[in-house]
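Input: a single structure, listed below in structure tokens.
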There are 4 protein chains.
Amino acid sequence: MSFDYKIADISLHEAGRHQIRLAEHEMPGLMALREEYAEELPLAGARIAGSLHMTVQTAVLIETLTALGAEVRWASCNIFSTQDEAAAAVVVGPNGTPEDPQGVPVFAWKNETLEEYWWTATQIFAWPGVDQDPSKGANMILDDGGDATLLVHKGVAFEAAGAVPSATDEDPEEYRIILQTLRDSLAENPQRWTGIAGELKGVTEETTTGVNRLYQLARDERLLFPAINVNDSVTKSKFDNKYGIRHSLPDGIMRATDVLLGGKTAVVCGYGDVGKGTAEALRGQGARVVVTEIDPINALQAAMDGFQVATLDDVVEEGHIFITSTGGKDIISAEQMSRMRDKAIVGNVGHFDNEIDMAGLEKTPGIQKIEIKPQVHEWVFENGKSIIVLSEGRLLNLGNATGHPSFVMSSSFANQTIAQIELFAKSHKSGHSGHDTYQNQVYTLPKVLDEKVARLHLDALGARLSELTKEQADYLGVDVAGPYKPDHYRY
Amino acid sequence: MSFDYKIADISLHEAGRHQIRLAEHEMPGLMALREEYAEELPLAGARIAGSLHMTVQTAVLIETLTALGAEVRWASCNIFSTQDEAAAAVVVGPNGTPEDPQGVPVFAWKNETLEEYWWTATQIFAWPGVDQDPSKGANMILDDGGDATLLVHKGVAFEAAGAVPSATDEDPEEYRIILQTLRDSLAENPQRWTGIAGELKGVTEETTTGVNRLYQLARDERLLFPAINVNDSVTKSKFDNKYGIRHSLPDGIMRATDVLLGGKTAVVCGYGDVGKGTAEALRGQGARVVVTEIDPINALQAAMDGFQVATLDDVVEEGHIFITSTGGKDIISAEQMSRMRDKAIVGNVGHFDNEIDMAGLEKTPGIQKIEIKPQVHEWVFENGKSIIVLSEGRLLNLGNATGHPSFVMSSSFANQTIAQIELFAKSHKSGHSGHDTYQNQVYTLPKVLDEKVARLHLDALGARLSELTKEQADYLGVDVAGPYKPDHYRY
Amino acid sequence: MSFDYKIADISLHEAGRHQIRLAEHEMPGLMALREEYAEELPLAGARIAGSLHMTVQTAVLIETLTALGAEVRWASCNIFSTQDEAAAAVVVGPNGTPEDPQGVPVFAWKNETLEEYWWTATQIFAWPGVDQDPSKGANMILDDGGDATLLVHKGVAFEAAGAVPSATDEDPEEYRIILQTLRDSLAENPQRWTGIAGELKGVTEETTTGVNRLYQLARDERLLFPAINVNDSVTKSKFDNKYGIRHSLPDGIMRATDVLLGGKTAVVCGYGDVGKGTAEALRGQGARVVVTEIDPINALQAAMDGFQVATLDDVVEEGHIFITSTGGKDIISAEQMSRMRDKAIVGNVGHFDNEIDMAGLEKTPGIQKIEIKPQVHEWVFENGKSIIVLSEGRLLNLGNATGHPSFVMSSSFANQTIAQIELFAKSHKSGHSGHDTYQNQVYTLPKVLDEKVARLHLDALGARLSELTKEQADYLGVDVAGPYKPDHYRY
Amino acid sequence: MSFDYKIADISLHEAGRHQIRLAEHEMPGLMALREEYAEELPLAGARIAGSLHMTVQTAVLIETLTALGAEVRWASCNIFSTQDEAAAAVVVGPNGTPEDPQGVPVFAWKNETLEEYWWTATQIFAWPGVDQDPSKGANMILDDGGDATLLVHKGVAFEAAGAVPSATDEDPEEYRIILQTLRDSLAENPQRWTGIAGELKGVTEETTTGVNRLYQLARDERLLFPAINVNDSVTKSKFDNKYGIRHSLPDGIMRATDVLLGGKTAVVCGYGDVGKGTAEALRGQGARVVVTEIDPINALQAAMDGFQVATLDDVVEEGHIFITSTGGKDIISAEQMSRMRDKAIVGNVGHFDNEIDMAGLEKTPGIQKIEIKPQVHEWVFENGKSIIVLSEGRLLNLGNATGHPSFVMSSSFANQTIAQIELFAKSHKSGHSGHDTYQNQVYTLPKVLDEKVARLHLDALGARLSELTKEQADYLGVDVAGPYKPDHYRY
């Protein structure tokens, strides 16, 4: 074996390669970066531990990172989201064969157990020889949701304490598994994560949840390396979250249920960027959309956009479709699900599966769970009425469809790539000492790089940008080349 | 074998039965008819030859027809559209087993050859003993696209002529197969179709194309039995064509390509009901939509709805997505396809696959066809640019998705069922002689029945209808119970 | 005086002429007809009695009719709708002066009393010398709402009876005035209307209400001359009713109240063409729209378009804006108005002012009416809460704004003009005896003329029509030049 | 005279009072603040110099400020925008009479000259006795566009220099007038503005332009007092700019031209918040919208929202309507206007009238300007083609309609009021010395106050807000009472 990896079936690589080729066409941002940096190879020397849904689009990201000079190891950040053919193609690489894979080590397959999932998370840090010499390990993390970052931080903390604590009764099941994973690690090598952390120049993170964790670590002065918050680039948050969901939300419901969206009453919980995309998609399909919100500004936006704003209890018996998109928890309770219409559809496009109280649903006396097809379950209550839950309450656009489309991911991933380049070059751990040096804090990308990402995508859409004259730019007090807006501008 | 059938795999029946159960919930029109006519059984004695996409929704239709007393034989009206699990479930029936099927004879499977297709068309007329005694055969046709009706009319004509003509060079390939099918039939039984036609009380037809053929036959005084044009019930044409496509068009493109629709330029050829649904769906996904039209009224509607109206040549190099929805032919030529953007997506939701010049495409010198996945093909031109053609130019919403959703089909199929009841009872061939008797002409359903179909679907959506007072009704000159509009009203 | 007329102020003619010049630009249909028929003068010899809102757009219609050779006399069909400067400009004519008016006799001013209104209706038939010689009178009616037609039919009936009956207690106030008008006429000339009716070759009528009256007369075999129902040309009903209202409804509310539409709950009573335009306009402004309907088909359309469908009582306390667009009566009762939110806005864009129970409102104990400005009244209930009623319950788009925009009226009026040409040439009273002859029935325009009207408007919008090849037309069974659709097609 | 003022006609006060009463109902934010602070009177002692469009809505703001204890003097910030009846009502006050006005001194009337305009600007600082004792003068500025702030800063600078410079050839005409105004002032009192500035605790400013000036002053360390940037409160920028324009833009075009928006091609220059509202409004009316942009992020947003993105030259011959909304200058040149379609409509909703090159237009050889009606001019080119320019290139929503509706202004003005309270209490010039003290910098309102403004408006819309449980808030790491989002959140 030329290198280690663990995937479902390497023979799927050809199908994956086909899809990658088509996806490349839809990812003009990444392809433009490959072209721009073909000579310079700004990621030469970078060893990136990547934790992000192992899809066809991610394959294009991975091969962009390697085209820019990086070495990479990869795991998925979700037990369901791996597209097995993409993983196979990445392992084999464009020029390899299943017998002689020349791509990148990947540890991911569709439908992992939680134990397997956390094992794959350790594998992206298991660079050959790293236990003996941490400088052979990863020096960058590319993260989605923060699990890779969490593992390092917890590992370092437990190694400092010399022991891994026991899980308490209140800890979620998943946390027990994390603790066991680190307990095993501690037994094998009591300084593993401390060594790894010492080498890491930084992390780039693209989810709200992961970013929140980073800000908390930074606030507590426990962040071990610089971080770039890619999530809050405009070309990420306003594009991935809003326009990506607008596509993949109806896609997921349609594939899962084939139920007509037109004429139905859809309740969208949360009117942030994801909720806005959800509401727009459902209205575009002729559904009547009702929004629930806790933030008065977002609630007022929903009202001004023409949506009824109500509490969930106001409409729980009226809705045909319920989508959570809050980032919070316990948004829909089991009791509320029991009051819904027969065959109401319930799904989540927020971050974690605890937006819908799946645990409570499972414990409902007399309830029966029928698998209609993978990721589509009918939960039949004692009274004979049932509801349809998508993807077990996890992200339905990933579980029931194929996630965000390539074009949207091109925007998010161009941000990731540019952020990796920035941090790899300018982290204070890179020996850099200019006033640009990134410290152990959380940063967002400079606006002009955000604008660059947008610029890379316009041509492919046939959009023609106007240009400021020098005189107009002076009048506005900006540079002809941007950035064009003050930092507080909201788009 | 309790009865004859030919399907892909009878073991799929359980999966099909699950889906049928869920579909029933989304087909309130059909379920309401089952309830309304549970005692009366208005189709007792009807022997229906059905030719309509053999999907899960059609399964609910078939079982509604049998619940109303009919005997049924079924084929699909499209070589790609059969859902094999639905066919299996219908054959087995709700109470049968694969070993002892108690449902309905079905002749349909996904991906038939054209020869197989026309053989299945003959089988829905091959009732046991019919060759010996035509009165044992079908007495009703339920048609979609008119192929079953065509077969009978051609059969009768050739039997009258005593011979089946040879195909000419200009005849499409498919016509040769039809001729051969009837040539074989003539050899077996020179009066088969004449006998069958003599027993048929009528046909109900639900497509624009099929209806046009019927009007031509009626105009030429060659129609052999009464016909009800279900296509032009408001609750069919304005619902199936418009709202059904609004759902299934993006569903098909998304499943086929995973390409982001937002920001793309989509060219919609034809702004009839299907085109209107297509344009609305694409705009709802954030695409820029350009419409082409030959009818100035529809063109003006498109303009008033805010769409750019152009000729195909105006925008053929600009579009990312091209959808035909005209019912005409040669809408997109091979030459035009060769001028499109690299990886442009081309698909059809009109009626026949000749809206896109697939034959011309195939003959393009140096062209190469790559199957991305079933029903999704990349056609690579000599210069390296390629386009993606969906479902080989046939209906993409059927080929790449699962067709219209159940709720929409409930409306169309409630019209079909009500039309079957009408015609079976009141065809002049039913011995009926009142002034309602249907002659060998094409009829539309009385408006009050059209309104009835709508009424059957409101509750399920939570829509609450207002009621006229007697005084208000008198003022309007209508009956409190409807119909409410003059016949020429356009909705 | 070169001719008789009665208008508000002839000195307004210059302002009117300016507006007419601008309106001509927005009425490409009428201008194209002037050009097409400049030589032929198909209306030479026509003497048209016109009863239609005396607006700037109507001025362009009138001057088109005269450009085609007609003589014309005009009154408004609504007591509030006259634009005084338009009336003045039409009277003066493009080449006349206030001292030497050379235009057309007009009898209309803003804010007529009902007595004045019915007097103006008599004046369009008062051609010089007609009492002596009916052949000097009108030979065509161009009607909107049917009042001119009603006057002739009632006049003839009462002359036949030799007396005008007394109004009963149940007759509306307006009917008393009509009776008195005709009683006076009978005293002056007992055969006036009989004489006039004998000369009339026909009427063209453009409203639903007027057309309904005509169909009733035809059904009762009491129609005295042929009629063309212009209202049901697609380019009238689907354009004027829907797209016209989409513009003029928000225009009227905005001018009247300056109240933000975004975020408000708007209740639209009736989802016909007018209701569809209303709902689309309000949604386009960010209002949440709730629809009430009595017709299950229209109700289902509203639901499929994403609107909540409820009864008025369901939402009467919730709505901020209530618009009636039904054509029926007693849609909103005084009792319901008393239950509305403080400062709720109530308006009508249906036909008559009895959609809103203004009489009941006026009789509410303790109610107080405050004029905010002309056509905007606050009705204060005893409990201090108030509602805002627009245009006294009459058409708010006319009373509070300037009615439909010119472009929409160009479409309606091109239909009127073409219908006048048709009927003037081919009425059975024209001595015509071909198989096209129009009898004393109600007709719609041939579809190809409807398409012609659409065609005349495309260029001005920059819409580029595609053309059928002969082969494509044959395939569809239509002529290359149209008509393209079967008569029952709904658009 | 109880106090000094200069307005058009005090007899208009009754009409104004009616309108104020209705506007109060639509300004729930301001009315809630009156109620909340009825006892506390947080603005007691504040003397506010206000410069903001003197409309009915501003009247409600002024009377809110006085209800909270302030003394106020007012001028408009635009020569066209005063509603004379509002000015009259504010002067008279709710309890005064024209003979005994008890309201607030106002210096504003519709259609001021530029000289008059700058005179009114001086009057809001001309508190009785101020020249003798600056502490009797204004201690707060409430500004819109920054003219009042500019006057003070220029005045102080020239007084320091001891002379007012002459205007150069390149200075715009308006600057000459400002200089002359200050030259006259210097002659009268050489320390007037220095005295005034010394007393000012701060300014609250609500426009992008005004805010940009403030940031420049702060950057150059020349800002003379603290400033709160009200413009960038979410409930201002996203509401006033976007939802306000969505209403008032079509309102302005409709009132000005009565031209059908449906079917027309509208070119929107700039896709910031104002452009977004413009584009949404025009699409909602059925126009085809094309967007021009210089910022790639906004351009990508426009594309993703389904709009064609082009340069102005790409579509200048195609558009029917052109709207500038950039905040920049020279967006539409005279040469481009000469290439537009006959009767194209050109208008501006950006900030200054230099977005459209009116000066260049005027200088076009052979051009002729015809006033269609006030604020609507036809400019006829030598070749006979013409364009329609609204409001002379100034803000059309103010010039051709009545500006933003009350509800939107309630949101903006609630921000203004809260900002006045903040600054009056906590300016470092207020003697306050806590860590909240505002220095001579530009601040935005704390997010929780922004959320408060939103909250004050939800009830009036019938929107029902959900509430976080303590547990949910902890999970999100926020307080149950807010603020809910990080500062960089974009909404």
Side-chain angles (χ1 to χ4, degrees), chain B residues 212 215-216 232 234-235 237-239 242-243 269 272-273 292-304 308-312 314 327-331 411 444 450-452 454-455 457-458 461-469 471-472 475-477 482 484-491, chain C residues 212 215-216 232 234-235 237-239 242-243 269 272-273 292-304 308-312 314 327-331 411 444 450-452 454-455 457-458 461-469 471-472 475-477 482 484-491:
Chain B
N212 284 346
Y215 280 111
Q216 282 171 9
D232 289 299
V234 191
T235 47
S237 65
K238 287 277 182 183
F239 287 79
K242 183 172 171 195
Y243 301 118
C269 301
D273 288 320
T292 78
E293 247 302 339
I294 56 101
D295 184 320
I297 298 177
N298 293 262
L300 196 50
Q301 286 187 305
M304 286 296 163
Q308 180 180 358
V309 178
T311 66
L312 184 54
D314 291 337
K329 72 168 185 174
D330 296 336
I331 306 309
S411 189
T444 52
D450 211 345
E451 291 174 355
K452 173 179 181 165
R455 215 179 278 272
H457 290 85
L458 290 174
L461 296 178
R464 290 167 48 85
L465 200 62
S466 301
E467 271 175 50
L468 285 178
T469 62
E471 208 184 350
Q472 288 176 317
Y475 179 80
L476 292 170
Y484 302 105
K485 301 290 193 300
D487 277 340
H488 60 257
Y489 187 76
R490 293 193 185 85
Y491 297 89
Chain C
N212 283 346
Y215 281 111
Q216 281 170 12
D232 288 299
V234 190
T235 48
S237 66
K238 286 277 181 182
F239 287 78
K242 183 172 169 192
Y243 300 120
C269 302
D273 287 320
T292 77
E293 248 302 340
I294 57 101
D295 184 320
I297 297 178
N298 293 262
L300 194 51
Q301 285 187 304
M304 285 296 163
Q308 181 180 357
V309 178
T311 66
L312 183 54
D314 290 336
K329 70 167 186 174
D330 296 337
I331 307 307
S411 189
T444 52
D450 210 347
E451 291 173 357
K452 174 179 180 164
R455 214 180 280 271
H457 289 85
L458 289 174
L461 296 178
R464 290 167 49 84
L465 200 61
S466 302
E467 271 176 49
L468 284 179
T469 62
E471 209 184 349
Q472 287 176 318
Y475 179 81
L476 291 170
Y484 303 106
K485 300 290 193 301
D487 279 340
H488 60 258
Y489 187 74
R490 293 192 186 86
Y491 298 89

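Throughout, protein chains are lettered first and strands after them, A, B, ... in sequence-line order, and every chain is numbered starting at 1. Side chains are part of it too, since the values below use all heavy atoms of this structure and drop only hydrogens, waters and symmetry mates.
Looking only at heavy-atom pairs under 4.5 Å with chain B, the residue among Glu467(C), Lys238(C), Arg464(C), His488(C) that has the most is Arg464(C). Across Leu458(B), Asp487(B), Thr444(B), Leu312(B), the residue that shares the most heavy-atom pairs under 4.5 angstrom with chain C is Leu458(B). Between chain B and the options Thr235(C), Asp273(C), Ile331(C), Asp314(C), the largest number of non-hydrogen pairs under 4.5 Å is found for Asp314(C). With chain C as the partner, the residue from Lys452(B), Arg455(B), Lys329(B) showing the most heavy-atom pairs under 4.5 Å is Lys329(B). Highest contact tally toward chain B, considering only Leu461(C), Val234(C), Thr469(C), is held by Val234(C) [criterion: heavy-atom pairs under 4.5 Å].
Taking both residues in full, the closest heavy atoms of Val309(C) and Ala303(C) are given as CG2-N, 3.8 Å, listed atom of the first, atom of the second, then distance. The shortest heavy-atom contact between Ser466(B) and Thr292(C) is OG-CB, 3.9 Å. Looking at every heavy atom in both residues, Leu476(B) comes nearest to Gly327(C) through CD2-O, 3.6 Å. Residues Pro296(B) and Glu451(C) approach most closely at CG-O, 3.5 Å, considering heavy atoms.
For Tyr475(B), the part lying under 4.5 angstrom from a heavy atom of chain C is the side chain only. The contact between Tyr243(C) and chain B is made entirely by side chain atoms (from C-beta outward), counting heavy-atom distances below 4.5 Å. In this structure, the portions of Ile297(B) lying under 4.5 Å from any heavy atom of chain C include both its backbone and its side chain. In this structure, chain B has heavy atoms under 4.5 Å from both the backbone and the side chain of Glu471(C). The parts of Tyr489(B) that come within reach of chain C are both its backbone and its side chain, each placing non-hydrogen atoms under 4.5 angstrom from that chain. Looking at Ser237(C), only its side chain comes within 4.5 Å of chain B, counting heavy atoms on both sides. In this structure, chain B has a heavy atom under 4.5 Å from the side chain of Phe239(C), while its backbone stays farther away. For a residue to count as touching a neighbouring chain, one of its non-hydrogen atoms must lie under 4.5 Å from one of that chain's; by this rule Asp450(B) touches chain C with backbone and side chain alike. Residue contact with chain B, scored on non-hydrogen atoms closer than 4.5 Å, involves the backbone and the side chain of Leu465(C) alike.
Formation of a donor-acceptor pair under 3.5 Å by the Gln472(C) side chain with backbone atoms of Asp330(B) is found in this model.
Atom-to-atom distance recorded for Asp295(B):CG and Lys485(C):NZ is 3.5 Å, nearest 0.5 angstrom. A distance of 4.0 Å separates CD1 in Ile294(B) from CG in Leu468(C), rounded to the nearest 0.5 Å. Interatomic distance, Lys242(B) NZ to Met304(C) CE, rounded to the nearest 0.5 Å: 11.0 Å.
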